[in-house]
Amino acid sequence: MVIQRDLYLQKLIDRKQNGSIKVITGIRRCGKSYLLFKLYYDYLVQSGVPADHIIKIALDDEEHEELLQSKALGSYVRSLIVDDGEYYIFLDEVQFVQGFEKVLNGLNRNEQLDIYVTGSNSKFLSSDILTEFRGRGDEVRVYPLSFTEYVSAYEGSIDDAWRDYFTYGGLPLILSRKTDEQKANYLSNLFRKVYIDDIIERNNLRDDNVMESLVSILASSVGSLTNPLKLANTFASKGMGKVTDKTISSYINYLLDAFLIAKVERYDVKGKKYIASPFKYYFTDLGLRNARLNFRQQEENHIMENIIYNELLTRGFNVDVGVVERMEKDETNKRVLKRYEIDFVCNQGSQRYYIQSAFAMPDAEKMEQEQRSLKYTDDFFKKIIIVKDNIKPWHNESGILIVGIKDFLLHKNSLEM
């Protein structure tokens, strides 16, 4: 099965021979190695690069066990440079090499070499990894399959693909599992044996019960406003033991560093400032989130919101939760400050879009409720409401674009309809 990942392939092509170490990051099992060793390798060969000028080393393979010391790896790579031509160095699972930062910086001084590395444990995927390369790193963030990528390799209708996608997520190997049981078991085992164990081991956590419980709470409340203090109170109220908000904050950072979840801050649209707390958290892959809950909490509205968020990140947007403050009269005719939420404020360069995720809008009252915060921004940036229904995109009387979730996901220019 070949899954085309043209977006990421183009990012590597655009960074070819730019003098930096290309650092391919992302959650484990999202397809980083496949992107580099298959898709980009094929592109280079088809572009005329001699195959013997592409050095591919999988450092988690026992065949290369002797290369896990930085000096040995550096000497081995240099021994393969036999002429004055350009060489492409692909190092997979480079975090297994002791002192990999030093050897990469050393190799990068050779202008013949164009270096690409991937890693798939929390040590390598830490959000501050690029600092290890002293400003010479160029990150390419890879996400699980978008719905468009998923559909391109899915055997079945788009409607069936959607049901599978919001249930089992977008990790590429899901497409090779044929039954619901195989898919569920794959995700459940992966979550515990790969992601959680890796985070616990890296951070030397003594009591993994707190991490296990925290992940479950975040999975149950995806897209809800919360903060470490509120989460600590949840532990206490549910009889899960006393945990400080400081501990919760540290554990959340471990999950963020492993790219298992993402934190979204709130932005005051009119005041043009960020609001310190609370935040929203979304899962990088919905299949992992659903597996964590044993596929019990399948609230399609929350899952749809999470999928929209992930799609916006894939498209390169910076995404915040929007807040619009407005003075209004209450039932006693007293003027009070009210806050209205916009699900997503999306920025990319000079572009901005306001997006609401509305599972359904069966009547005018619901339409008014969903568009109220959008209308109160008092600016001219484009405003969009995404619904579940398969509808033809249209603009309502307020000039707001109404588009179905599948049209939004399957058309890369859907925000410009």
Side-chain angles (χ1 to χ4, degrees), residues 127 218 221-234 245-246 248-249 252-253 256 261-283 301-302 304-359 361 365-387 395-403 408 415-416:
S127 58
L218 291 174
S221 57
V222 64
S224 299
L225 290 170
T226 190
N227 58 31
L229 180 58
K230 184 176 180 180
L231 290 167
N233 291 337
T234 299
D245 57 333
K246 184 177 180 180
I248 294 293
S249 181
I252 286 175
N253 285 332
L256 292 170
I261 63 172
K263 180 173 77 173
V264 190
E265 297 184 80
R266 291 197 300 163
Y267 180 73
D268 181 346
V269 172
K270 291 187 175 181
K272 296 181 172 56
K273 61 183 178 181
Y274 283 96
I275 301 171
S277 180
F279 311 106
K280 285 190 176 184
Y281 295 94
Y282 294 102
F283 273 72
N301 56 332
H302 297 304
M304 189 177 100
E305 182 180 324
N306 201 142
I307 289 173
I308 292 170
Y309 173 75
N310 289 343
E311 176 69 18
L312 292 169
L313 292 186
T314 299
R315 295 187 187 187
F317 287 100
N318 296 313
V319 184
D320 302 308
V321 173
V323 175
V324 180
E325 295 184 341
R326 179 181 171 89
M327 296 299 298
E328 295 182 358
K329 292 182 179 180
D330 63 11
E331 60 276 6
T332 65
N333 211 34
K334 180 181 178 181
R335 287 177 61 81
V336 295
L337 180 66
K338 290 192 174 182
R339 285 180 167 177
Y340 295 90
E341 182 177 295
I342 300 172
D343 287 332
F344 304 117
V345 179
C346 316
N347 294 291
Q348 190 178 74
S350 61
Q351 292 180 306
R352 172 177 289 183
Y353 302 89
Y354 298 116
I355 296 177
Q356 289 287 72
S357 173
F359 185 71
M361 292 192 296
E365 181 179 354
K366 180 62 174 176
M367 170 75 81
E368 178 57 29
Q369 177 185 333
E370 293 293 347
Q371 71 177 1
R372 185 178 295 128
S373 60
L374 301 177
K375 291 163 65 175
Y376 289 163
T377 62
D378 296 332
D379 61 30
F380 298 99
F381 291 112
K382 190 160 187 176
K383 301 166 178 66
I384 301 155
I385 299 176
I386 301 174
V387 297
H395 291 83
N396 67 13
E397 293 179 353
S398 300
I400 296 171
L401 173 66
I402 316 297
V403 61
F408 164 71
L415 298 181
E416 298 300 330

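Across all their heavy atoms, Leu415 and Leu401 have their closest contact at O-CD2, 4.5 Å. The two atoms that bring Ile386 and Met304 nearest to each other are O-CE, 3.6 Å, heavy atoms only. Scanning all heavy atoms of the two residues, the minimum distance from Val345 to Gly322 falls at CG2-CA, 3.4 Å. Residues Tyr281 and Val222 approach most closely at O-CG2, 3.6 Å, considering heavy atoms. The minimum heavy-atom distance between Ala232 and Asp245, with the atom names listed, is CB-N, 3.9 Å.
Side-chain contact between Ser373 and Gln356 is present, with heavy atoms from C-beta onward closer than 4.5 Å. Residues Met367 and Asn396 have side chains in contact (heavy-atom distance under 4.5 Å, counting atoms from C-beta outward). Counting heavy atoms from C-beta on, the side chains of Ile355 and Asp343 never come closer than 4.5 Å. Side chains of Ile275 and Val323 form a contact here, defined as non-hydrogen atoms less than 4.5 Å apart. Using a 4.5 Å heavy-atom threshold, the side chains of Ile400 and Leu374 count as touching. Residues Ile384 and Val403 are in side-chain contact: their nearest non-hydrogen atoms beyond the backbone lie under 4.5 Å apart.
Applying the salt bridge (Lys or Arg N to Asp or Glu O under 4.0 Å) rule to pairs touching residues 263-278 yields Lys270-Asp378, sequence neighbours excluded. Each salt bridge (Lys or Arg N to Asp or Glu O under 4.0 Å) pair with one or both residues in residues 309-322, not counting sequence neighbours, appears once here: Glu311-Arg315.
Taking the six-membered ring wherever Trp is involved, the centroid distance between the rings of Phe317 and Tyr353 falls below 6.0 Å.
For the residue pair Ser277 / Asn227, a side-chain donor-acceptor distance below 3.5 Å is found, with atom types taken as modelled. A donor and an acceptor atom, one from each side chain of Asn318 and Gln348, are nowhere located under 3.5 Å apart. Residues Gln371 and Tyr376 bring no donor and acceptor atom of their side chains to less than 3.5 Å of each other. Using a 3.5 Å distance cut-off with no hydrogens or angles, the side chains of Asp379 and Tyr354 do pair a donor with an acceptor.
Taking CD1 from Ile248 and CG from Asn253, the interatomic distance works out to 11.5 Å, rounded to the nearest 0.5 Å. With rounding to the nearest 0.5 angstrom, the CD1 atom of Ile308 is 9.5 Å from the SG atom of Cys346. Going from atom CG of Asn306 over to atom OG of Ser357 covers 10.0 Å, rounded to the nearest 0.5 Å. Atoms CG and CD1, from Leu312 and Ile307 in turn, are 12.0 Å apart once rounded to the nearest 0.5 Å. Of the inter-residue distances, the one linking Arg335 atom CZ with Arg326 atom CZ reads 9.5 Å to the nearest 0.5 angstrom.
Between Tyr282 and Tyr309, the ring planes lie parallel to each other; the angle is under 30°, not in the 30° to 60° tilted range.
For the side chain to side chain contact (heavy atoms under 4.5 Å, CB included) test, residues two or more places apart in sequence or in another chain that qualify with Ser224 are Ser221. In this structure Ala358 satisfies the side chain to side chain contact (heavy atoms under 4.5 Å, CB included) test together with Met361, Glu370, Ile385, Val387, sequence neighbours excluded. Partners of Asn333 by side chain to side chain contact (heavy atoms under 4.5 Å, CB included), not counting sequence neighbours, listed by chain and number: Lys329. Looking at residues two or more places apart in sequence or on another chain, you find no ring-ring contact (aromatic ring centres under 6.0 Å, His included) involving Phe359.
Judged purely by atom type and a 3.5 angstrom limit, Thr314 uses its side chain to pair as donor or acceptor with the backbone of Asn310. Panel note: side chain Lys383, backbone Phe381; a donor-acceptor pair is recorded below 3.5 Å.
Between Glu368 and Lys375 there is a salt bridge, since at least one side-chain N of the basic residue sits less than 4.0 Å from a carboxylate O of the acidic one. For the pair Lys280 and Glu305, the salt-bridge criterion is met [side-chain N within less than 4.0 Å of a carboxylate O].
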*Decide side-chain contact (heavy atoms from CB on, under 4.5 Å) for Thr226 and Thr234; before the verdict, give the C-alpha distance in whole Å, the side-chain angles of both, and the deciding distance to 0.1 Å.*
CA-CA 10 Å; Thr226 190; Thr234 299; over 6 Å; no
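Taking a 6.0 Å sphere around CD of Glu365, one finds it holds 12 or fewer heavy atoms contributed by other residues, nucleotides or ligands.
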